[in-house]
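Before any comments, here is the structure.
In each ligand, atom 1 is the first atom listed, and ligand 1 is the first ligand listed. Just so you know, these numbers come straight off a predicted model, no measurement behind them.
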Amino acid sequence: MEKINGGVGFFDSGIGGLTVLAECRKRINDEIFYYYGDNEHAPYGNLPAEAIKKFVFSAFDTFAALKVKAAVVACNTATAVCVEALRKKYPFPIVGAEPAVLPAVKRGGKVFVLTTRATYESNRFRALCSRIRQKYPNADIQPHACDLLAGTIEERLFDASFDYTPFLPQGSPDAVVLGCTHYIYLKDRLRAFYGCEIFDGNEGMANRLVAFLDQINVKAREDGPLLSTAAKISPIFFLGSQKNTNERVFEHMFAKTSGFCNKSG
Ligand code: DGL
């Protein structure tokens, strides 16, 4: 008997998680992907934790109704605020977003970590930094809350001449960690601005999703044959009130690197 392929849900406050979706789609070509961007309420970074939780759980209820086999919180802020609570409530495995502080620290020198205010103030982020400081006592980790940066990227993405420097911390780091998926759109500009290596967590998230799916699919094959999507490129269904915006941004920014997208939920 054929089994339904439940697909994978991706969530972000807006367009930032599209960078994660694109990275995962380069690696995974036989799943259905759902993208839920909550652009209507973005940016999340300066909202109270309770409001963020409410929006994230509402999106995850949609994933649960679709019976996804796994989900990705492609948002550092939502992960910092509620990934553990999500994992308690929903039956499917959930990949969270975590600033790639460790690989940057291993490289040595002064490490700027750019995050939203909510991530910066979260216990989860503080715990991550203190774990790494304990292990690497010489680590020079300098977290910065970049108020307004994610919201400005959400609004100005296609304005190539817009000057983001007033939103950035000044200084001469040896490495910069992008602790917000929106910031990844500025990766090249930040590399030029700081003149150093820039780290983000997208590859790590894609690796974790691949590992989860391998486990799930091995188990599913033991139970019976999987329904093949027969797709060479994973189809994407965009969800939420701003699905057209996210579909347009994805096509514009990532169609070449991760295949053409042609679906809307
Ligand atoms: N893209 C998000 C993150 O990774 C959220 C940005 C925001 O909405 O403030 O933190």
Side-chain angles (χ1 to χ4, degrees), residues 9-24 35-60 71-86 94-101 104 112-129 143-157 164 167-169 176-187 189-190 198-206 208-209 238-242 245-246 249-250 253-254:
F10 289 76
F11 173 79
D12 181 44
S13 64
I15 59 173
L18 294 170
T19 66
V20 182
L21 176 69
E23 187 63 38
C24 292
Y35 187 84
Y36 193 124
D38 187 20
N39 317 52
E40 198 182 336
H41 300 112
Y44 278 8
N46 295 86
L47 295 178
E50 280 315 308
I52 296 171
K53 267 188 210 157
K54 191 178 121 208
F55 297 142
V56 179
F57 275 82
S58 159
F60 268 69
V72 179
V73 189
C75 174
N76 292 263
T77 307
T79 302
V81 169
C82 60
V83 73
E84 291 312 330
L86 291 168
I94 297 174
V95 176
E98 189 160 271
V101 183
F112 275 14
V113 188
L114 313 188
T115 69
T116 64
R117 173 73 46 192
T119 299
Y120 179 88
E121 285 173 359
S122 68
N123 291 336
R124 190 179 171 87
F125 178 60
R126 288 199 181 142
L128 172 73
C129 293
H144 294 276
C146 302
D147 292 318
L148 307 179
L149 183 56
T152 309
I153 294 166
E154 185 88 20
E155 277 169 24
R156 301 286 197 147
L157 184 66
Y164 286 96
F167 300 92
L168 301 175
V176 173
V177 177
L178 306 183
C180 167
T181 52
H182 279 68
Y183 304 166
I184 293 169
Y185 290 104
L186 304 185
K187 199 166 181 176
R189 289 197 232 184
L190 292 171
I198 310 289
F199 291 80
D200 70 65
N202 281 7
E203 218 180 292
M205 268 189 276
R208 288 200 296 281
L209 179 61
F238 290 89
L239 309 171
S241 66
Q242 308 295 306
T245 304
N246 292 316
V249 172
F250 189 85
M253 306 297 293
F254 304 112

Neighbour list for ligand 1 [protein residues, heavy atom under 4.0 Å]: Asp12, Ser13, Pro43, Tyr44, Gly45, Cys75, Asn76, Thr77, Thr116, Ala150, Cys180, Thr181, His182

Quick one: does Met253's side chain get under 4.5 Å of Ile15's, heavy atoms only? no

Is the closest side-chain heavy-atom distance between Asp38 and Phe11 below 4.5 Å?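 With C-beta onward as the side chain, the pair touches.
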
Once ring-ring contact (aromatic ring centres under 6.0 Å, His included) is applied, do any residues pair with Phe112, and if so which ones, sequence neighbours excluded?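 If we apply the ring-ring contact (aromatic ring centres under 6.0 Å, His included) test to Phe112, skipping adjacent residues, the hits are His144, Tyr194.
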
Not counting sequence neighbours, which residues clear ring-ring contact (aromatic ring centres under 6.0 Å, His included) with Phe60? List them please.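 Once residues adjacent in sequence are excluded, the partners of Phe60 under the ring-ring contact (aromatic ring centres under 6.0 Å, His included) criterion are Phe63, Tyr90.
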
Go through the structure and list residues passing side chain to side chain contact (heavy atoms under 4.5 Å, CB included) with Arg208, not counting sequence neighbours.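 Partners of Arg208 under the side chain to side chain contact (heavy atoms under 4.5 Å, CB included) test: Val95, Met205.
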
For Cys75, is there any backbone N or O sitting under 3.5 Å from a side-chain donor or acceptor partner on Thr79?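 The answer is yes, because a donor-acceptor pair under 3.5 Å joins these two groups.
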
